[in-house]
Structure formats: structure tokens, C-alpha cells
Amino acid sequence: MTPGVGGVPGLAASYVWLLWALQRSPRPTPVVLTAAAALTGLAMQSAVDHVLSYPVVTAAAGLLAGLATSRPLGATPDRGTGT
């Protein structure tokens, strides 16, 4: 197998999972859309260049994804109804 070919499905799956998590995020819509647009731009740039090889870019993308998908500070946790 050619090096890097095995990572393509993994990266695609993680990108789809991230967009799904952003869709379910309790954050306001402008925050989620801004994060999704920024991460999509990063994904497009990384398709043609090696920008994810810089640790600061990867860490910033992870921080952005974490902030956009987390509950706002002081929000009560959603326990669900159990059904």
C-alpha cells in the first residue's frame, strides 16, 4: 500500500464526524457556521499543501473544533428523556 493512502479514509471520516458534531452543537448558529467554514478552509488547504504538518495549525484546529462543539459555560447538561 502506498504511504498515506490508508490515512485518507481516516481523515475523511474524522471530517464528516466533525461536521456532524458541529450540527448537533448547542452553540449559537454563527459560532458553529464560522467554525465549520474555517475548518473546511483548512481541509481544502491541507488537500494541496502540508499545512497540517505544523503543530500550531493542528492544535489551533483542534481548539476551534472543541470550542465550537462544547456546551456554553454555565449551561445545564442535557440528560435526555430516556426514551
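Bear in mind the structure is a predicted one, so any value in this text is a computation, not a measurement.
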Enquirer: For T58 and L52, indicate whether the former's side chain and the latter's backbone hold a donor-acceptor pair under 3.5 Å.
Expert: yes
Enquirer: Could you walk me through whether S25 and R71 satisfy the side chain to side chain donor-acceptor pair (under 3.5 Å) test, starting with their C-alpha distance in whole Å, then the side-chain angles of each, then the deciding distance to 0.1 Å, before giving a yes or no?
Expert: CA-CA 7 Å; S25 176; R71 280 191 308 273; over 6 Å; no
Enquirer: So W20 and V16, do their side chains get closer than 4.5 Å, heavy atoms only?
Expert: no
Enquirer: To check you understand the geometry: which heavy-atom pair defines the closest contact between S53 and P55, and what is its length?
Expert: O-CD, 3.5 Å
Enquirer: Do Y54 and L42 belong to the same hydrophobic cluster, where Ile, Leu, Val, Met, Phe, Trp and Tyr are linked whenever their side-chain heavy atoms lie under 4.5 Å apart, directly or via other members?
Expert: yes
Enquirer: Say you draw a straight line from OG1 of T69 to CG of L18; how long is it, rounded to the nearest 0.5 Å?
Expert: 7.5 Å
Enquirer: CG of L39 to CG of L22: how many Å apart, nearest 0.5 Å?
Expert: 6.5 Å
Enquirer: Looking only at non-hydrogen atoms, find the nearest pair between L67 and R27 and report the distance.
Expert: O-NE, 3.2 Å
Enquirer: Are L19 and V32 linked, directly or through intermediate hydrophobic residues, by side-chain heavy-atom contacts shorter than 4.5 Å (ILVMFWY only)?
Expert: yes
Enquirer: How would you list, by chain and number, every residue that makes a side-chain hydrogen bond (donor to acceptor under 3.5 Å, both in side chains) with S14, sequence neighbours excluded?
Expert: none
Enquirer: May I ask whether L64 and L33 are part of the same hydrophobic cluster, defined by side-chain heavy atoms of I, L, V, M, F, W, Y residues being less than 4.5 angstrom apart, directly or through others?
Expert: no
